[in-house]
There are 2 protein chains.
Amino acid sequence: MSEIPYKIYLEEQEMPTAWYNVRADMKNKPAPLINPGTLQPMGFEELRGVFCDELVKQELDDTTPYFEIPQEIRNFYKMYRPSPLVRAYCLEQALGTPAKIYYKFEGNNTSGSHKLNSAIAQAYYAKAQGLKGVTTETGAGQWGTALSMACAYLGLDCKVYMVKVSYEQKPFRREVMRTYGASVTPSPSDTTNIGRKILEDFPGTTGSLGCAISEAVEAATSTEGYRYVLGSVLSQVLLHQSVIGLESKIAMDKYGIKPDMIIGCAGGGSNLGGLISPFMGEKLRGEADYQIIAVEPASCPSLTRGVFAYDFCDTGNVCPMAKMYTLGSRFIPSPNHAGGLRYHGMSGVVSQLYHDGYLEARAVEQTAVFEAATQFARIEGILPAPESSHAIRVAIDEALKCKETGEEKTILFGLTGTGYFDMVAYEKYNNGTMSDYIPTDEDLQKSFAQIPKTE
Amino acid sequence: MSEIPYKIYLEEQEMPTAWYNVRADMKNKPAPLINPGTLQPMGFEELRGVFCDELVKQELDDTTPYFEIPQEIRNFYKMYRPSPLVRAYCLEQALGTPAKIYYKFEGNNTSGSHKLNSAIAQAYYAKAQGLKGVTTETGAGQWGTALSMACAYLGLDCKVYMVKVSYEQKPFRREVMRTYGASVTPSPSDTTNIGRKILEDFPGTTGSLGCAISEAVEAATSTEGYRYVLGSVLSQVLLHQSVIGLESKIAMDKYGIKPDMIIGCAGGGSNLGGLISPFMGEKLRGEADYQIIAVEPASCPSLTRGVFAYDFCDTGNVCPMAKMYTLGSRFIPSPNHAGGLRYHGMSGVVSQLYHDGYLEARAVEQTAVFEAATQFARIEGILPAPESSHAIRVAIDEALKCKETGEEKTILFGLTGTGYFDMVAYEKYNNGTMSDYIPTDEDLQKSFAQIPKTE
């Protein structure tokens, strides 16, 4: 066996040519999306008004294990993929752990995160269908940036509804999207009915992701030649993000490495779902076993403290409803700096797998997350996104446990992105003014009470 | 011949193990640094008060062609190198040019630029000498960030004097440095004699790079266990940066590619000097010919409009003097957003090579640079730093010339870094409020008049 390099880059010809659909190997399939009005499962005809046709097919297909990646998407992937699988030699040494730590680093592209993997796929199918453009929402801005990049590449119009507080507090994110030619509107706005209604009901509101989703969906469904696209939660997104896990697995197999433990941060579940997919497939088929850990913020703990139920995906209740672990669509997460993890719900695929015991979940507090982020930055050189740092926290904790027990576990975690646009958060941490917020049980019960009865 | 992949990554065992010292192949050596008081060449004993011993040796050695890269530095390099040599297939297609465009991308590390290549080397030698820490200045912040990272890795103290206007306008850059454990002081400050004098003479000044250099040198030479380090201009820096050119050349040789033209942006000359080193070596030895183009901002045109003379490197005249193309150390560049290219002087090595006709220089205006930057971002996906975009501008211009002539030239340019911390500049460009400033001949003559007579 040759020595493991610091970074494993696949050759172009080793890169995956098909996405893997983990649903094909799930005995208990994720529950279908339902119509918030009729509560009936939504089929192709109903969904194609919102999403473009090929993506609806992907969303509905829970039996086909592999979907070929179109050549144009594979060419785009070649611009920034393969992403490196990094052996964290320096971190291992600094921790003094016998554990072997690997991370799959998805931050080496301008969107700064893994979001680009699905953005290019969704933009590609919209373009192939002859559409003029797409609409979406963005909170922290990573998804909006990724989609802007993909649309710029394909010559597609891109309308982004950006949560107003982020629009104002993250002007640089906004400018990156504009540089890529997107139009960026602070949400709620007066460009949609739902936006006007929210502004009327809650004057001075700084917006929420759920509200921005409603506006983006309305903008898409009311404009000829547009469709809505979403950066997480949906099964189609997890399908595209499987490229993360597939590349990881090919690289590890090449060097004969088998992870004992796979760790990913989880907001809507796109990164976690993508990273674990092929490993989970083996686990579901009984071919291998892995300990799989989803890490979420203690301030927005959908898996660890939420309920498994059908719920709205957005504030305006215009989206299909999904069965998922949820804190209630009206849940307002306490302030935290991992904007990408502040969603009230969770991918239906990840939720079902968690419900069936195939993965475990942990909630971590913000200050502990930034402590890990700073430690990691100084040792491994990469400035991690706050979201990604949730996975770093647990990876370090597990490596330190190995130090105590002497176990030489192999840990793989997903480093989803970089923190260049999160320096306000780092500044708070550097100044010692960062706080931890955890919702009370009463808060959660109030929020759960608003989840509609569907069964 | 196998097809050229989108990105060429060297294997770890293919990475350079020694830096190349282009001075060894120069017939006309760069003139020695001289003492600003005595005007006599400075030797080892005089320079070792400012720089650490090994770096003084490297600075003075213009005959040894290769310096082995210490193993610890090679390990650090493995965390973020090899950097990819990218074939810009998408850009070629978008331009419709028969030219083949390659770029060496140095932005995939947290410092966001090539600066880390020399930062780790300088920090390593300081640590090896048993020093407690290093001091430096930073303008745009890339060098300060890189040095902070290197010092964090090695456990060395790092004091950064940051030009006050950047300190205030780029708080996020400042926070990245603090995250890596550096202390960051806005310059001019009251922590040094020269800083206090400048504050007294020019109350309300927002500082300059030349002033920050003076403060950093004073802080180093007046504190036990500290030395000063500099991110550009010096021959030692070009030596370390030769890793860029060496990796490029190894990758190109592997695929049988020979560039006709090599393009780099030039501020102090560290990136350009590093990128061209091994190619220039062949050219100096008569083994090959390459067209080599240095690109500078029209607002700070040291090569294209400066004079070749001994000049001060800093405002306080505490640094050694260098013979270089200079606009005069009191030259205040008109406002522009490529902070890394606003230095009044130029590397002595690059200056001598230019003087001897081995490379040519072009000055480009800011708006044209951002036009190229935006075009590049949308097509190739990477958001380039304003500095790097100077090289992009000329690469695109040359590729378009090939489109006219039908020539299939092979172009290599250096993409030194990313623009995540430059969104204020992009915002101006997006809003159509960016201006071009070019110094008048009168401005330059006034500035030249302050260059001391040394010969």
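Labels below follow one simple rule: chain letters A, B, ... track the order of the sequence lines, proteins then strands, and each chain is numbered from 1.
Among B:Tyr426, B:Phe105, B:Phe76, the residue making the largest number of heavy-atom pairs under 4.5 Å with chain A is B:Tyr426. If you tally non-hydrogen atom pairs under 4.5 Å between each of B:Glu11, B:Lys7, B:Arg174 and chain A, the highest count goes to B:Lys7. Chain A forms more heavy-atom pairs under 4.5 Å with one residue of B:Tyr153, B:Tyr89, B:Phe370 than with any other, namely B:Tyr153. For the options B:Asn430, B:Asn109, B:Asn75, heavy-atom pairs under 4.5 Å to chain A are most numerous at B:Asn430. Heavy-atom pairs under 4.5 Å with chain A were tallied for B:Val424, B:Leu383, B:Thr110; the largest tally goes to B:Thr110. In terms of heavy-atom pairs under 4.5 Å with chain B, the best-connected choice from A:Ala373, A:Gly181, A:Ala88, A:Ala94 is A:Gly181.
Taking OG of A:Ser148 as the reference point, atom CZ of B:Arg378 lies at 9.5 Å (rounded to 0.5 Å). Summarising the geometry, atom CE belonging to B:Met423 is positioned 9.5 Å from atom CZ belonging to A:Arg178; distances are rounded to the nearest 0.5 Å. Note that the CD1 atom of A:Ile382 and the OH atom of B:Tyr80 stand 12.5 Å from one another [nearest 0.5 Å].
Within the 4.5 angstrom heavy-atom criterion, no atom of A:Arg173 approaches chain B. Interface remark: A:Tyr429 contributes no atoms to any contact with chain B (heavy atom separation under 4.5 Å). Proximity to chain B is limited to the side chain of A:Glu12, based on heavy atoms less than 4.5 angstrom apart. A:Asp422 does not touch chain B: none of its heavy atoms, backbone or side chain, sits under 4.5 Å away. The contact between A:Thr179 and chain B is made by backbone and side chain atoms together, counting heavy-atom distances below 4.5 Å. Using a 4.5 Å cut-off between heavy atoms, B:Gln13 makes no contact with chain A at all. Residue A:Pro84: no heavy atom, backbone or side chain, is found under 4.5 Å from chain B. Contacts of A:Val176 with chain B are made by both backbone and side-chain atoms, with heavy-atom separations under 4.5 Å.
The aromatic rings of B:Phe172 and A:Phe172 sit perpendicular to each other, their planes meeting at more than 60°, with 30° as the lower class boundary. Ring geometry, B:Tyr420 versus A:Tyr420: the interplanar angle falls under 30°, so the pair is classed parallel (tilted spans 30 to 60°).
Surrounding NZ of B:Lys78 are more than 12 heavy atoms belonging to other residues, nucleotides or ligands, all under 6.0 Å away.
Looking at every heavy atom in both residues, A:Met79 comes nearest to B:Cys90 through SD-SG, 3.5 Å.
A:Tyr9 places no side-chain N or O within 3.5 Å of a backbone atom of B:Leu10 that could act as its donor or acceptor partner.
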